[in-house]
Every structure is written in C-alpha cells, then in structure tokens.
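No experiment lies behind these values; they were computed from the predicted model shown.
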Amino acid sequence: MTATVTVVCMKWGTAYSSRYVNILRAMTARHLARPHRFVCLTDDTAGLHPEIETFAIPDVPLPPHKKDRPWRKLALFAPGVADLAGPCLYLDLDVVVVDALDPFFDVPGDVVIIENWTQRGQGIGNSSVFRWVAGAHDSIYNDFRKDPDGIIRDVPNEQTYLSHQVAAAGHRLAFWPDAWVRSFKYHCRPVFPLNWVRAPRKPEGARVIAFHGRPNPPDTATHGPLHPKKYFRPAPWVADHWKE
C-alpha cells in the first residue's frame, strides 16, 4: 500500500479568504491519487471545509513590519508542527492545480522546490511549491529564531534563506522539472504587445500554475489592468480548475 503523504498550506491575516483554502483542498483531492492528509496552518479556521485538518501557526519571531510576510512560512519547519510526518508538499493558497500532483512526491532530493524564475542558475528556490520531509530540517526554523533581525537584515526573503540553509546543512536542494510549475505572469500571459490580442494559455506539461502578486486566480475571468505590459485577455480555463 502506498504510504500516506501530506499536502500543507498556510492562511494568515485577511489577504486570502477561506474559499482559497477550500478550493485548494478540492483541487488536491482531484489531482492526488495516493492517500493523503490536507493540513492548513492558520490563525482563523472559520469557513474551512470540515475535512481540512487545522493547526495553529507556530511562532516565528518577526518585527511588526514583517509579521504578515512570507517569512512566516518558516513555521513549517518548527519541530513537531501539526503532527507532520514523512514527505510533505507545500502549496501557496493562490496556486491553481491543473494536473496530477503525485509526481511531486517522486522527484529525488531532500528539499525539492521551484527554481526561481528570476534567479536561474543561482541555487535559489521559489517557495510557492516545495516538498520536504517533516522533522528533517528543523535547523531552518531553529537557526532563524537565534537571530531573526540579523537574518532579515541580510537576506532578502524567506525563500533565499530556505535555499541557503538547506545547502548549508549538507542536504540536497533539487528543482522541479521546469514544465511542472509555471507562472501565470511569465509563462501564461503573452508578452507585450501580444497580450492585447491573445488570451493567456495553459503551458504544455504544466501541473501547477503559480499566481504571485497580482492577479489572483479569480481575477482571470475578466481582463487585466489597462497597462501596456500587465493587461491580459480573459482566461476562462483557469476557472475550469480553480473551483471546489
């Protein structure tokens, strides 16, 4: 029998509603065949589907101006968090799952992550989608707690810190095949001036579409901002996947 795996997300503050978590659970259920838990670390469980396992977010010591930033993802590496065990796949709330997730559990590597599209060749991941083994990388969280102010001063973001810490601990940081996780901005939306005449398309071979910044998935039902390079025509295929 295939061992149970875990899919994890995080929800804090008011940037994303419970609807995002419920839709992510539904997309996971449709696209992950093996037995799995779906876990959400959150500060507000209101409105979440009853099949979602919820846990409080472990404390990450952050200055006030950073408390709602992605640095909070480091809580995923807190010892004993959410009773996690074995391989875990983290998904940002604003991703759209468009094909099978099972292969994400088969790629070799201690931590497997997106190679950041804007820092290729630098060994830096994008933390919208990554996999790790629960309990195997506690130093990521523990070392941060020793000097959070210094780390935040010297490191631009949590995904750079995560990438560096994995390598520093002697673990293998690996990247997903390029085609698997694509950016709506970089890989779906046509470049200017074609963005004004061609609708965004789902890239061949994509399994997850990442929506970082704006737009968010529901925004793609209508056109993007009337800005030469940011405009996009409606992309109804997104709604075909982003639903309960």
task: Ignoring hydrogens and angles, tell me if any N or O in the side chain of Arg131 forms a donor-acceptor pair with the backbone of Val107 under 3.5 Å.
output: yes
field: Validation row: Phe55, Val81 side chains within 4.5 angstrom (heavy atoms)
entry: no
- prompt: For the hydrophobic clusters of this structure (ILVMFWY residues joined by side-chain heavy atoms under 4.5 Å, transitively), does one cluster hold both Val112 and Val97?
  reply: yes
- prompt: So Trp132 and Leu162, side chain to side chain contact (heavy atoms under 4.5 Å, CB included) or not? Walk me through it.
  reply: CA-CA 11 Å; Trp132 78 107; Leu162 165 61; over 6 Å; no
- request: Sort and list the pairs that fulfil side chain to side chain donor-acceptor pair (under 3.5 Å) and have at least one residue in residues 203-227, not counting sequence neighbours.
  value: Ser183-His212
Residue pair Trp180 / Val129, side-chain heavy-atom distance below 4.5 Å: no
Val181 side chain near Trp117 side chain, heavy-atom distance below 4.5 Å: yes
- prompt: Out of curiosity, Arg201 CZ to Cys188 SG, how far, rounded to the nearest 0.5 Å?
  reply: 11.5 Å
field: side chain to side chain donor-acceptor pair (under 3.5 Å) contacts in which one or both residues fall within residues 9-35, not counting sequence neighbours
entry: Tyr16-Asp94, Arg25-Glu51, Arg34-Asp102, Arg34-Asp106
- request: Answer yes if the side chains of Asn142 and Ser139 hold a donor-acceptor pair under 3.5 Å, and no otherwise.
  value: no
query: Which residue pairs pass the side chain to side chain donor-acceptor pair (under 3.5 Å) test when at least one of the two sits in residues 190-199, sequence neighbours left out?
result: none
Check against side chain to side chain contact (heavy atoms under 4.5 Å, CB included), Val8 and Leu76: CA-CA 9 Å; Val8 187; Leu76 295 164; 3.6 Å; yes
query: So which heavy atom on Ile140 is nearest to which on Tyr161, and how close?
result: O-OH, 2.9 Å
query: Once you round to the nearest 0.5 Å, how far does OG1 of Thr45 lie from CD1 of Ile52?
result: 10.5 Å
- request: First locate atom OG1 of Thr160, then atom CD1 of Ile151, and finally report the distance between them rounded to the nearest 0.5 Å.
  value: 12.5 Å
field: side chain to side chain donor-acceptor pair (under 3.5 Å) partners of Asp92, counting only residues at least two apart
entry: Lys73, Tyr90, Ser128
- prompt: Tell me, do Thr42 and Val21 make a side-chain contact under 4.5 Å, heavy atoms counted?
  reply: no
message: Could you report the tightest heavy-atom contact between Leu24 and Cys9, atom names first, then the distance?
response: CD2-CB, 3.7 Å
- prompt: Would you call Val155 and Trp71 a side-chain contact if the rule is heavy atoms closer than 4.5 Å?
  reply: yes
field: Separation between CZ of Arg172 and CG of Asp110, rounded to the nearest 0.5 Å
entry: 8.0 Å
statement: Looking only at heavy atoms, the pair that brings Asp44 and Leu48 closest together is O-CD1, 4.2 Å
task: For the residue pair Val5 and Leu89, establish whether any side-chain heavy-atom pair is separated by less than 4.5 Å.
output: no
message: How close do Lys243 and Met27 get, counting heavy atoms only, and between which atoms?
response: O-CG, 4.3 Å
- prompt: Can you find a pair of side-chain heavy atoms, one from His164 and one from Ile124, that are under 4.5 Å apart?
  reply: yes
message: Tell me every residue that passes side chain to side chain donor-acceptor pair (under 3.5 Å) with His171, counting only those two or more places apart in sequence or in another chain.
response: His137
field: Test side chain to side chain contact (heavy atoms under 4.5 Å, CB included) applied to Leu84 and Phe77, step by step
entry: CA-CA 10 Å; Leu84 298 180; Phe77 301 98; over 6 Å; no
For the student: nearest non-hydrogen atoms of Trp176 and Ile114, plus distance: CD1-N, 3.3 Å
- request: Provide the closest heavy-atom pair for Pro79 versus Tyr141 in the form atom of the first, atom of the second, distance.
  value: CD-CD2, 3.7 Å
Verify same cluster id: Val7, Phe130 (apolar side-chain graph, 4.5 Å): no
field: From CZ (Phe211) to CG (Leu93), nearest 0.5 Å
entry: 13.5 Å
field: Straight-line distance of Arg189 CZ to Lys229 NZ, nearest 0.5 Å
entry: 10.5 Å
- request: Find out whether Ile152 and Arg69 are in side-chain contact, i.e. whether some heavy atom of one side chain is under 4.5 Å from a heavy atom of the other.
  value: no
task: Spell out, as yes or no, whether a donor-acceptor pair under 3.5 Å connects the side chain of Gln119 to the backbone of Gly125.
output: no
message: With clusters defined by side-chain heavy atoms of hydrophobic residues (ILVMFWY) lying less than 4.5 Å apart, directly or transitively, does Phe38 cluster with Ile57?
response: no
message: Measuring centre to centre across the rings, with the benzene-like ring taken for any Trp, is Phe232 within less than 6.0 Å of Phe184?
response: yes
query: What's the verdict on side chain to side chain contact (heavy atoms under 4.5 Å, CB included) for Leu101 and Val208, showing C-alpha distance, side-chain angles and the deciding distance?
result: CA-CA 8 Å; Leu101 291 174; Val208 176; 3.9 Å; yes
query: How would you list all residue pairs meeting side chain to side chain donor-acceptor pair (under 3.5 Å) that involve residues 53-68, not counting sequence neighbours?
result: Arg37-Glu53, Asp59-Arg145
